[in-house]
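Here is the structure we will look at.
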Amino acid sequence: MRMSPTRLILGLIVPVVGAAAQSAPLALPEVQVSSPRVALQDPAGTFAMPVTVLRYEPRVDVQARNLAEAQADIAIRGGTFENTGFKAGALQLYDPQTGHYFAEIPVAATMLGSPRVHTGAEHAASGWNATAGSIAYAWLPVRSGGYASAGFGGNDFQRGEFYAAHAGLLEMAGRRVSADVSVAHSSSDGTIPLGDHEFTRYNARVQLADATSQTDFVAGYQSKFFGWPNLYTPFNSPESENLKTTLLAFNHHVRQADGGHFQAGAYYRRNRDDYDFNRYTEAGKDPFFAHTTWVYGASIEGRAPFGDQLAVTYRAGYIADELTSTALTFGRFRTRSHVSAGVFPEWRWRDAAGPVWTVTAGAAFDDTNRDGSSVSPTLSVTGDYTSGALRRVRAGYAKSTQVPTYTALNSATAAGLFRGNPNLGRSASHELEVGASGTWAGWDAEAAVFFRRDDRLVDWTFARGVTARTANAVDMDTTGVEFFGRRTFGPVDLVLGYAWLHKNSDYGTAAVDASFYALNFPKHRLTAAIIARLGYGFELRMDNDLRIQEDNLLRVRGGDEAILSSLALFWRPPLARSLRLSLQVDNLWDSDFQAVPAVPASRRQVAVGVTCFW
């Protein structure tokens, strides 16, 4: 559905004008904020997951099938669903079968801090096995309290969530022992026929902490069944997926008196995936597309200062993965071990007439027992100003690499719905970036310009006459501009983001008529988050995403231009401040824009909810 500019302007301005006209706002108790760059921390169609707040993050493009919380591809700076890495503390989380499941993190968003988007040199110093960037979460301290929440809405939607935390249960060896637990469930018939879902998540955490350290022991389990026509294939088939993800994790973080830090962690992750091309003929039978992956990981990272002018950032990790599958039985291997390490010294000095300059020069080493090794150099320069509107300038170069997942490596090369390539090798990315941040006319603003060269990037492509998607390597040049700004106008907070992307691609001799991923990107994208404190306990929150997408012949509905919005009205009754009532709408304009080409859009979802805090 194409939205008129007038309707968009009204959608953005009316909440602001209405808020400004109210009396002085009544202060609300502080609640969990998963991201300061988006307005809505919870979805209308299920319970919140770590991926939820990325839907309107200015630097991240979430390409969803059904709900974003059902199956979402996370792209940074025009990358693909497999070019984005995920971290929780020191843990490098991933799925060896496919990047579609990188964001399957069975942890309540309440236990995690705001996601940080790392790109360029920052990503090279902290990320792993990703070429576009990474999303990093910190483990939050346990604070006593909790909430119980319930929601209902159209399409027979039901949701329930419970979270409880107790800080300082007891003292052990001078450290405070705390714990929190979370249970969540949702179900719905879906916003389109055959788009039903049923999700359940269980979480528990024990935390040991003192004034300088925090140790977390985490257990999580999540089951997700969801249906969606054309979920992965454009053949009008009633597809479905059943995912079961288990995570056991340990993370230890130490803050040092000299400004340094140290972090270490280890985890076990198992992901079971049962995909049915036709849920009516395949469900309950011996599954053809059934896969289980195991990942065992351990890593350390930190920063060690040596006086005022020298410091060293470092990281190292080991990952072992394994796949069993009824379909991914081709290729050359189904187990793999990864080792990585990086050292990044930095030198700092103060310019008597200007900023504090920091130069970082280092390199990362990556290797597996199945692929060749790689050394990735990094060089960056930053200048931090202590006065004036300009706060920071930066410039840098970074290389990063990545090895393909098993779906690309082990799918049959000449048959089936997905055509693989066992000869795909390590891809490499080279990125140049310049940027600045500061405060101008009341705006906190950041801007960046970048150029990224991807060599042997793995993409899934379409060719006329071939009834399947095929894994092909592509050399890609991506040029981009990013802007982010935030300002408060009395009772109204406004957050704006803009990104421009341009690509040139070379698939070599491969027959390619369209790309499902590498060439599925917004040429122009504007995000706007509005938070209006209306007074008397009312608060209006709205997220907006206006985009002009690159042409793609696979996108058969919804066009290449879209306005996507989510809106919510919250009320905390002045006489019952522990309660919060909500009315939420996702896809406010009922857009049929296909975020993934050939995959139907999730339509408008309306829900009401009540949450009790303690």
Closer than 3.5 angstrom, by distance alone: can the side chain of [X] be matched with the main-chain N or O of [Y] as a donor-acceptor pair?
{"X": "Gln207", "Y": "Leu140", "value": "yes"}
{"X": "Asn203", "Y": "Pro106", "value": "yes"}
{"X": "Asp95", "Y": "Tyr101", "value": "no"}
{"X": "Thr84", "Y": "Phe81", "value": "no"}
{"X": "Glu69", "Y": "Val51", "value": "no"}
{"X": "Trp228", "Y": "Glu241", "value": "no"}
{"X": "His123", "Y": "Ala130", "value": "yes"}
{"X": "Asn251", "Y": "Asp216", "value": "no"}
{"X": "Arg176", "Y": "Glu171", "value": "no"}
{"X": "Thr191", "Y": "Arg603", "value": "yes"}

If only side-chain N and O atoms count, and only distance matters, is there a donor-acceptor pair under 3.5 Å linking Arg580 with Ser149?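 Side-chain D/A pair, Ser149 to Arg580: absent.
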Mark yes when over 12 heavy atoms from residues, nucleotides or ligands other than Arg143 sit less than 6.0 Å from its CZ; otherwise mark no.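 At most 12 heavy atoms, drawn from other residues, nucleotides or ligands, come within 6.0 Å of this atom.
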More than 12 heavy atoms from other groups under 6.0 Å of CZ on Arg487: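 Yes, CZ of Arg487 has more than 12 neighbouring heavy atoms, counting only those of other groups under 6.0 Å.
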Between [X] and [Y], how do the two ring planes meet: parallel, tilted or perpendicular, split at 30° and 60°?
{"X": "Phe157", "Y": "His197", "answer": "tilted"}
{"X": "His252", "Y": "Phe250", "answer": "parallel"}
{"X": "Trp571", "Y": "Phe538", "answer": "parallel"}
{"X": "Tyr147", "Y": "Phe613", "answer": "tilted"}

Hey, are [X] and [Y] close enough for a salt bridge, meaning a charged N less than 4.0 Å from a carboxylate O?
{"X": "Glu301", "Y": "Lys87", "value": "yes"}
{"X": "Asp545", "Y": "Arg55", "value": "no"}
{"X": "Arg77", "Y": "Glu482", "value": "yes"}
{"X": "Arg394", "Y": "Glu122", "value": "no"}
{"X": "Arg486", "Y": "Asp444", "value": "no"}

Looking only at non-hydrogen atoms, find the nearest pair between [X] and [Y] and report the distance.
{"X": "Ala528", "Y": "Leu496", "answer": "CB-CD2, 3.7 Å"}
{"X": "Tyr94", "Y": "Arg269", "answer": "O-NH1, 3.6 Å"}
{"X": "Pro600", "Y": "Pro229", "answer": "CD-O, 3.2 Å"}

For the pair Arg37 and Thr527, evaluate side chain to side chain donor-acceptor pair (under 3.5 Å) and give the outcome as yes or no after the intermediate values. CA-CA 10 Å; Arg37 297 194 179 202; Thr527 59; over 6 Å; no
At what distance, to the nearest 0.5 angstrom, does OH of Tyr202 lie from CZ of Phe162?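 Tyr202 OH to Phe162 CZ: 13.5 Å, rounded to 0.5 Å.
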From CG (Leu534) to CG (Leu569), nearest 0.5 Å: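 Here the rounded value is 7.0 Å.
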Assess the residue pair Asn66 and Ser602 against the criterion (side chain to side chain donor-acceptor pair (under 3.5 Å)); give the C-alpha distance rounded to whole Å, side-chain angles, the decisive distance to 0.1 Å, and a yes or no. CA-CA 5 Å; Asn66 197 324; Ser602 182; 4.8 Å; no
List the steps, then state whether salt bridge (charged side-chain N to carboxylate O under 4.0 Å, His left out) holds for Arg201 with Glu161. CA-CA 9 Å; Arg201 184 187 63 214; Glu161 187 173 5; 3.5 Å; yes
